[in-house]
Amino acid sequence: MSNSITTLAISTYENRTTPSPHTSYQIVIRGPVRQWTVWRRYSDFDALFQALSAISPSVPPLPPKQWSVFGSMSSEKLDDRRRGLESWCQEILKGDDRLKGSKAWLDFMAVPESARTSSHRPSFQSSMFTPESWMDEYRTLHSLARQLRAGGLKDVRGVRALESRVTALDDGLKSLKDALPKGEQERRFGLVDSLKRVSSELLNRGSTSNHHPQGAGLSGQPLISETGARGELLGHRSQSSTSSTVSSSRRFGVRSSAPSETSETLALDNEGLLQLQRQKMNDQDGALSQLESIVRRQKELGFTIGRELDVQNELLGDLDHQVEGVQGRVKGVDKKLGKVMRG
């Protein structure tokens with residue numbers, strides 16, 4: 001029996017506009033020792049239902065998909081669907097062990113590698129990805145990477161699970177090549193490469209801290225001496241070296257001041273300073289990725305508003321044409337009335 005998931009709940013949902021309008025549901029999953037969240041849309045639930053139905057005929061029926069003539073469902077209907085999907089997931093969790101222990105179920109719930117048996121692959125099944133669910137999985141992994149980086153090197157299993165899920169994300173993107181335009185493919189491959197770099201950095205930091213002493217390189221030798229080299233790293237050179245070396249600290253024609261110690265760097269050794277620099281750069285990359293997502297969303301909103309304005313302009317044009325027709329008929333009636341009154 002699979003005990004990797006103890007409880008789950010679908011707590012909320014979001015209406016998203018990219019790459020196409022859809023509703024995504026947040027599943028809050030609790031295991032024996034940790035809690036995580038995943039975002040899935042209705043088509044992902046339907047794909048899971050099809051996969052589980054191939055395993056056992058005892059799969060509970062999935063709440064039916066409802067359509068709206070106005071293009072979007074009301075909040076009441078979305079709440080009903082959220083509760084229905086939550087009950088459906090809980091029925092599977094309490095039911096047949098073959099279903100809740102299946103690879104499709106574990107992949108859908110993004111169960112970490114450490115909580116699975118050796119017979120299960122630790123990745124989301126690439127064939128279950130859609131362009132929308134792929135982006136949901138990327139956002140989940142991006143958030144997980146930030147949490148792992150903030151928590152230091154304590155969760156080694158979490159880092160390895162991140163690496164496995166990033167590999168699966170890469171495989172899933174390759175399977176979606178025919179469904180994405182070339183520009184979008186390149187953008188998403190760039191996102192995956194960014195996650196790979198973060199995953200590799202976390203793994204390298206873990207292996208370095210576990211196998212090498214402070215201030216030592218991969219060969220066990222000091223990276224740089226703790227006396228003079230640290231001063232050179234921060235710009236404090238001796239007089240002899242200053243006199244014999246041409247300064248290269250000019251930037252855009254303006255000489256910059258030498259860097260100084262801060263409370264954040266004072267307690268770090270040379271290797272720690274380099275790691276801190278990498279972490280700051282990765283934080284900036286993450287902030288730029290979020291900014292890119294926000295700008296892209298604003299662009300989609302702008303396009304949507306533009307299309308709506310075009311529709312409204314067409315309606316106003318039709319209305320103006322109808323008003324002109326009514327005015328013409330009113331003038332004709334006035335003429336006829338005038339003739340009647342004179343006759």
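- Under the 4.5 Å side-chain heavy-atom criterion for ILVMFWY residues, no single connected hydrophobic cluster contains both W39 and Y25.
- Each of V111 and V28 belongs to its own hydrophobic cluster when Ile, Leu, Val, Met, Phe, Trp and Tyr are linked at side-chain heavy-atom distances under 4.5 angstrom.
- Under a cut-off of 6.0 angstrom, the local environment of CZ in F189 is crowded, with over 12 non-hydrogen atoms contributed by other residues, nucleotides or ligands.
- Note that CD1 of I5 is 11.5 Å distant from CD of Q90, once rounded to the nearest 0.5 Å.
- Judged purely by distance below 3.5 Å, without hydrogens or angles, the side chains of T140 and S143 never pair a donor atom with an acceptor atom.
- Sequence neighbours left out, the pairs with a member in residues 282-309 that pass side chain to side chain donor-acceptor pair (under 3.5 Å) are R149-D283, E201-N282, E292-R296, T304-R307, E308-Q312.
- When the side-chain contact (heavy atoms from CB on, under 4.5 Å) test is applied to P60, the partners found at least two apart in sequence or on another chain are W88, E91, I92.
- In this structure T17 satisfies the side chain to side chain donor-acceptor pair (under 3.5 Å) test with no other residue, sequence neighbours excluded.
- Shown here is R30, whose CZ atom has no more than 12 heavy atoms of other residues, nucleotides or ligands within 6.0 Å.
- For S199, the side-chain contact (heavy atoms from CB on, under 4.5 Å) partners at least two apart in sequence or on another chain are L162, E163, L203.
- No side-chain N or O of E14 forms a donor-acceptor pair with one of S24 less than 3.5 Å apart.
- Of the charged side-chain nitrogens involved, none lies within less than 4.0 Å of a carboxylate oxygen, so that E76 and R81 do not count as a salt-bridged pair.
- Cluster membership for W105 and Y42, using ILVMFWY side-chain heavy atoms within less than 4.5 angstrom, is shared.
- V326 pairs by the side-chain contact (heavy atoms from CB on, under 4.5 Å) definition with R329, V330, not counting sequence neighbours.
- Heavy-atom minimum distance, T23 versus R41: O-CB, 3.5 Å.
- Alongside L288, the hydrophobic cluster contains no other residue (criterion: ILVMFWY side chains under 4.5 Å).
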